[in-house]
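Right, one structure below, let's go through it.
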Protein chains: 2
Amino acid sequence: MSRTKLPRPTDAELAILRVLWDRGASTVREVHETLQDGSGYTTVLKTMQIMTEKELVMRDEAQRAHVYSARVPRENTQRQLVTDLVDRVFGGSPARLALQALSTKKTSPEELAELRQLLDTLEKESES
Amino acid sequence: MSRTKLPRPTDAELAILRVLWDRGASTVREVHETLQDGSGYTTVLKTMQIMTEKELVMRDEAQRAHVYSARVPRENTQRQLVTDLVDRVFGGSPARLALQALSTKKTSPEELAELRQLLDTLEKESES
DNA sequence: CGCGAACTACGAAGACCTTCGTTGACACCT
DNA sequence: AGGTGTCAACGAAGGTCTTCGTAGTTCGCG
């Protein structure tokens, strides 16, 4: 049992994970350049080292410039953060979060259609 | 311009806010008792004092046991946290968050109906 | 070889969060 | 008046996160 009940990634960690999810395996330099915030190179490096310890990312040390890749899938992290938020501020109701999310900004017709489809599926399920 | 760009409430703060939103104005003791986590009385007190400084809550000192009430509305905080999450992990697409939220857990038929209604409204809007 | 550029590693500082012990004030009861 | 319980205030400790300076390593090049 070495499963240590992973904590939420921090903001800085999440920003880095997003880069790795989007770009795929990358060096510190690449991440640092992509991430156009004001943070310094060594800051990004340090954070990525910590993320390696936390097993959020993998490191390939074959080259001099180590190559990092995300070890946690994007979907999982999204799910983790969503259920966390649902529990902490929406009383455990994902639907209320969904309502809040949708009424906030505008959504494209394609996404609306996708949502409608999901809704159909869910309603059929609840009927059976 | 005294608007200081409010930061996300921390976990402990959020837990307390939830109690205040649910119960309405409450004393520290009441909050502490409601909140059945393992935290000590003075911990809750301290946090609520800090929240007063941050203007997250209001304090009525008329009685010996001060009475606190939420100063930020629940809706605002929910919106804040949702848009924050949308920006940080769903690339700015609320619909993707909604999809993730809904596919995670089961949702009651009433909520599904509510969602469908909102979807109708949104689709009509995008048509015009 | 010797220099500079690109890297990693390390450590420490500063900010914030959470936790709680202790102190002092106040109130009620006997 | 003295004792007991309730309360706010304070301060300090310990943890985590973020930041970055500095030092050491490696590589390529003149």
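So that the names make sense, note that chain A is the first sequence line, chain B the second, and so on, each numbered from 1.
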Taking only Lys NZ, Arg NE, NH1 and NH2, and the carboxylate oxygens of Asp or Glu, determine whether B:Glu61 and B:Arg59 approach each other closer than 4.0 Å.
yes

Could you check which of C:dT8, D:dT18, C:dT19 has an atom nearest any side-chain atom of A:Ile50?
D:dT18

Heavy-atom nearest nucleotide on DNA chain C for B:Tyr41 versus A:Val67: which residue maps closer to 5'?
A:Val67

Below 4.0 Å: OP1/OP2 of D:dT19 and any side-chain N or O of A:Ser39
no

State whether A:Arg59 places a side-chain N or O below 4.0 Å from either non-bridging phosphate oxygen (OP1 or OP2) of C:dA9.
yes

No-H, no-angle donor-acceptor pair, A:Arg64 side chain to C:dA6 base, under 3.5 Å
yes

For D:dC17 and A:Thr10 - does any side-chain N or O of the residue sit under 4.0 Å from the phosphate oxygens OP1/OP2?
no

Within the 4.5 Å heavy-atom criterion, are A:Ser69 and A:Asp60 side-chain neighbours or not?
no

Under 4.0 Å between a side-chain nitrogen and a carboxylate oxygen: does that hold for B:Lys124 and B:Asp120?
no

Is B:Lys54 near enough to C:dC17 that one of its side-chain N or O atoms lies under 4.0 angstrom from OP1 or OP2?
yes

Of all the choices, D:dA8, C:dA9, C:dC7, which nucleotide is nearest to the side chain of A:His66 once you look at every atom?
C:dA9

Determine: side-chain N/O of B:Gln49 to OP1/OP2 of D:dA8, distance under 4.0 Å, yes or no.
no

Closest to the B:Leu45 side chain: D:dG11, D:dA9, C:dA12?
D:dA9

The side chain of A:Lys46 lies closest to which of these nucleotides: C:dG11, C:dT18, C:dT8?
C:dG11

In whole angstrom, give the distance that lies between atom NE2 of A:His32 and atom C1' of C:dT8.
15 Å

Could you check whether B:Thr42 gets within reach of a base, just the sugar-phosphate, or nothing at all, counting any heavy atom under 4.0 Å?
base

Is it true that A:Glu13 and A:Arg8 make a salt bridge, defined as a side-chain N closer than 4.0 Å to a carboxylate O?
no

